[in-house]
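Right, one structure below, let's go through it.
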Number of protein chains: 2
Amino acid sequence: MTNTDASFPPERKRGSGVKVVYELLRDEILDLVLPPGSPIDELQLAERFKMSRTPIREALVRLAGEGLIDTLPNRSTMVANIDFLNMHTFFDALVLMYRVTTKLAAQYHRPEDIVIIRAHQARFAAAAEAQDALAMIATNAALHSAIADAGRNPYFTGLFNRLLDEGRRILRLYYQSYGDRLPKQFVDEHEDMIAAIAARDAEAADRLAKAHAEQIVKQIQTFFSRNERIDIAL
Amino acid sequence: MTNTDASFPPERKRGSGVKVVYELLRDEILDLVLPPGSPIDELQLAERFKMSRTPIREALVRLAGEGLIDTLPNRSTMVANIDFLNMHTFFDALVLMYRVTTKLAAQYHRPEDIVIIRAHQARFAAAAEAQDALAMIATNAALHSAIADAGRNPYFTGLFNRLLDEGRRILRLYYQSYGDRLPKQFVDEHEDMIAAIAARDAEAADRLAKAHAEQIVKQIQTFFSRNERIDIAL
DNA sequence: TGTATTTTATTTGTCGACAAAAAATCGACA
DNA sequence: TGTCGATTTTTTGTCGACAAATAAAATACA
């Protein structure tokens, strides 16, 4: 080990800076640590990560490309708002992608995919058992992302992952307010879906995914209809 | 007019630089002026556009986010290749998005949308009449993008526009090689689709879009099956 | 002549600084 | 005291330069 002097800068590897900033900022946005509308200060971030504004800006450009932050020209950039008015477009897209990716997984998966999927499902079940809302949100997204991967269509997985990200923000809001009452039935529904995928039953996979997705959507919708105040809060 | 001295730099407006580079580079990639695999040199671009590397790099980061260029860490960046091996995933996604966006347009369009759509269709018809392959490719993408806009689902339009972009590259290859023989029937098919949309007949819109999309896919597939050499060329 | 190793050149990632644009502050005037 | 306009401050977009990483060239050696 060279550089025994602890006062030296952490000496990040060249090129790793952007990735670190991008991923951490992304997580903070999706977990609502940075709530929608939060201003993003480049100088502040540069100071925080001990690097110049250049890599910070590159990370921000990427996040903007994914729609996670909004950038006003020559002016402030902030965490993208959740568009409650057009929530139905999100639900439409989510339901369709749930169906398509699950169906394709049933058709095109390989044996090793099932192992990965089951591992994610186990993690989700553990989170549900522990009543850990945050872990449930994260593991649920990871599970469905893994299912989509097994379908092997990068165009669908790309959109689906974006939707799951946006969903993480919405679900976060959902659970935060409702005091972590968690529907255990999702575990069983996941089991049925995985069984259909493993059996290569595309029709059943599609049907189960549709029911699963629509039920999630329904729960969130009833939640929001009971909490109009949220419209004002943002 | 100030700045009568022609030797002065063009004096671009602050912030417009990235946009210019991004859009021009994008068009060149989609029109195969920059063929897949072309190396992209930042210095060269900086010189060409008379600006520093910083805005160039920002444009490249955006293009990379859309998958139009591939960036090797610390090494060269090049125009993304067309993935002929997994072309079917592209077709699957394209057909589905054709259907969904057209159906949503039939359901959610407003009267003014139809005006815009018909204007695009007129341009497409003119291009087809003139046997202008390049114009046909561009106006076809613009028409379907306009239809998708009328459906008002940003998630679907986002993916669809990406697919149409990738389709522009593929069609460009198609027409280039086949000496600009252009199927006029697309004009009629478009007319039928627009009529179904205007009549708010979602079922018909879906059916017509499916047939339209599958026919395009079929044509491209038979083309590629007759030209295996392309696999080698890339 | 062919291969390994050092040297040079090219290109990328990062930095600090400056200039333009917008917002925030201050001050004149009613 | 309130409003409009000028001034200062903050923040963004761009620049030129430098250093790390890689590729290319040159050299040494068998």
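First the proteins, then the strands, lettered A, B, ... as listed; each starts at 1.
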Whether B:Arg152 engages the ring of B:Tyr108 as a cation-pi pair (distance to the six-membered ring centre under 6.0 angstrom, angle to the ring normal within 45°) should be assessed.
no

Distance col, row B:His88:NE2 vs A:Asn153:CG, nearest 0.5 angstrom, shows 8.0 Å

Nearest-Å distance for atom pair CE/C1', residues B:Met78 and C:dT11:
14 Å

May I have the distance from A:Arg53 (atom CZ) to D:dT12 (atom P), rounded to whole angstrom?
7 Å

Donor-acceptor under 3.5 Å (B:Ser145 side chain, B:Ala141 main chain):
no

Rounded to the nearest 0.5 Å, how far apart are NE2 of B:His144 and CD1 of B:Ile117?
10.5 Å

Write down the distance between CD (B:Glu58) and C1' (C:dG13), rounded to a whole number of angstrom.
15 Å

Would you compute the distance between atom OG1 of B:Thr102 and atom CD1 of B:Ile194 and round it to the nearest 0.5 angstrom?
10.0 Å

Distance check needed: C:dG13 C1' versus A:Phe49 CZ, whole Å only.
18 Å

Rounded interatomic separation in angstrom, taking CD from B:Glu47 and P from C:dT11:
12 Å

Using the side-chain heavy atoms of A:Thr54, tell me which of these nucleotides is nearest: C:dG16, D:dG16, D:dT12.
C:dG16

Residue closer to the 5' end of DNA chain C, B:Arg14 versus A:Pro55 (nearest nucleotide)
A:Pro55

Would you mind telling me which of D:dT12, D:dT14, C:dT14 lies closest to the side-chain atoms of A:Thr77?
D:dT12

Integer-rounded Å distance: D:dG16 P and B:Ile56 CD1:
12 Å

Roughly how far, to the nearest 0.5 Å, is the CD1 atom of B:Ile220 from the CD1 atom of B:Ile216?
7.0 Å

Roughly, in whole Å, what's the span from CG in A:Asn74 to C1' in D:dT10?
13 Å

When you measure only distances, ignoring hydrogens and angles, does the side chain of B:Arg75 come within 3.5 Å of the base of C:dG13 through a donor and an acceptor?
no

I need the NZ-P distance between B:Lys19 and D:dT14, as an integer number of Å.
13 Å

By side chain to side chain donor-acceptor pair (under 3.5 Å) - contacts of B:Asn86 (at least two apart)
B:Asp83

By nearest heavy atom, map A:Val18 and A:Pro73 onto DNA chain C; which one lands nearer the 5' end?
A:Val18

Go through residues 38-45 of chain B and report each residue with a non-hydrogen atom lying under 4.0 Å from DNA chain D, sorted by number.
none

